[in-house]
Amino acid sequence: MNILRTAFIMLTALCLAACGDDDEFNTSNLAGTWERIWDKNITDAGTERYTFFPETPTTGRIKLYTNDWATGESTKDLNYVVGYTGHMNIFSGKEHDGKSKIVGEYDIHTLTSTKMVWYRTDSDEELARFRKVKPAAE
C-alpha cells in the first residue's frame, strides 16, 4: 500500500510540474513593442525593436526597427506564425504566398506581459531577451 501511495504522490507531483509553464504562455501577450535587452558586456549593440500586430491568435505582422553604428537605421515589414507551444517562424512576406522567405525560427521560452525570451529551436541556447516598451495600440 505504501508503494502505491508513494507512486501516486510522485505521479501527481510530476503532472503538476509539467503543467506549470503551460499556463504562462499566451500568444496575445505578443501584441505591442518589444525592445531587445543586450548583454551588458556589449558596449554599442544599438537598438532592435519588434512591434507585433496580431491578426489571429497565431499569425500577424511585425514591424522591425533596428539602429546601430555599422548599418544605420532601418525598418522591415515581416510576418509571423506562432504556435501555442511557443514555436515561432518569422517570414519576409505573407506565409504560403510563394514569395516569402523565412527570416528566423525561434522557440519562445518565456512570454509574459512584460518579458519575452527566445531560444534556438534545436537547443537550450538562449538567443535574445526582450522587455515590452509599449503595449498594443487600443
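The residues of the chain are indexed from 1 along the displayed sequence.
Looking at Lys132, its side chain does come within 3.5 Å of a backbone N or O of Ala31 through a donor-acceptor pair. Side-chain N or O atoms of Thr33 include none that pairs as donor or acceptor with a backbone N or O of Val133 at under 3.5 Å. Remark: the backbone N or O of Thr66 is not paired with any side-chain donor or acceptor of Thr47 at under 3.5 angstrom. Within the 3.5 Å criterion, the main-chain N or O of Ala70 finds a donor-acceptor partner in the side chain of Asp68.
Side-chain contact, Tyr65 with Glu73: a donor N or O sits under 3.5 Å from an acceptor N or O.
Shown here for Thr121 and Asp107, the closest heavy-atom pair between the two residues is CA-OD2, 3.3 Å. Taking both residues in full, the closest heavy atoms of Leu30 and Leu111 are given as CG-CD2, 4.0 Å, listed atom of the first, atom of the second, then distance.
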**Q.** CA sep, side-chain torsions, deciding dist, call: Val81, Phe91, side-chain contact (heavy atoms from CB on, under 4.5 Å)
**A.** CA-CA 8 Å; Val81 175; Phe91 297 92; 3.9 Å; yes
Q. Run the side-chain contact (heavy atoms from CB on, under 4.5 Å) check on Arg61 and Glu55 step by step: do they pass?
A. CA-CA 7 Å; Arg61 297 177 297 109; Glu55 295 172 347; 3.1 Å; yes
Q.
Let's go through Leu64 and Arg49 carefully: what are the C-alpha distance in whole Å and the side-chain angles of both, what is the deciding distance for side-chain contact (heavy atoms from CB on, under 4.5 Å) to 0.1 Å, and is it a yes or a no?
A. CA-CA 6 Å; Leu64 171 60; Arg49 287 191 191 113; over 6 Å; no
Q. Should Met116 and His109 be marked as a side-chain contact (heavy atoms from CB on, under 4.5 Å) after you check the CA-CA gap, both sets of side-chain angles, and the distance that decides it?
A. CA-CA 7 Å; Met116 180 168 54; His109 187 265; over 6 Å; no
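Under a cut-off of 6.0 angstrom, the local environment of CG in Asp124 is sparse, with at most 12 non-hydrogen atoms contributed by other residues, nucleotides or ligands.
Between Arg129 atom CZ and Thr110 atom OG1 the span is 7.0 Å, to the nearest 0.5 Å.
Arg36 forms no cation-pi arrangement with Trp34, by the criterion of a distance under 6.0 Å to the ring centre and an angle within 45° of the ring axis.
Taking the side chain as every heavy atom from C-beta outward, Glu105 and His87 approach each other to under 4.5 Å. Side-chain contact between Asp77 and Lys63: present, with at least one pair of heavy atoms (C-beta onward) separated by less than 4.5 Å. Between Asn79 and Thr59 the shortest side-chain heavy-atom distance does not fall below 4.5 Å.
Leu127 and Ile62 fall within a single hydrophobic cluster, where Ile, Leu, Val, Met, Phe, Trp and Tyr are joined by side-chain heavy atoms under 4.5 Å apart, directly or via other members. Each of Val117 and Ile90 belongs to its own hydrophobic cluster when Ile, Leu, Val, Met, Phe, Trp and Tyr are linked at side-chain heavy-atom distances under 4.5 angstrom. In the hydrophobic cluster analysis, where Ile, Leu, Val, Met, Phe, Trp and Tyr join through side-chain heavy atoms closer than 4.5 angstrom, Ile37 is grouped apart from Tyr106.
Contacts of Tyr50 classified as ring pair (Phe, Tyr, Trp, His ring centres under 6.0 Å), with partners at least two apart in sequence or in another chain: Trp118, Phe130.
Ring pair Tyr80/Phe52: centre-to-centre distance below 6.0 Å.
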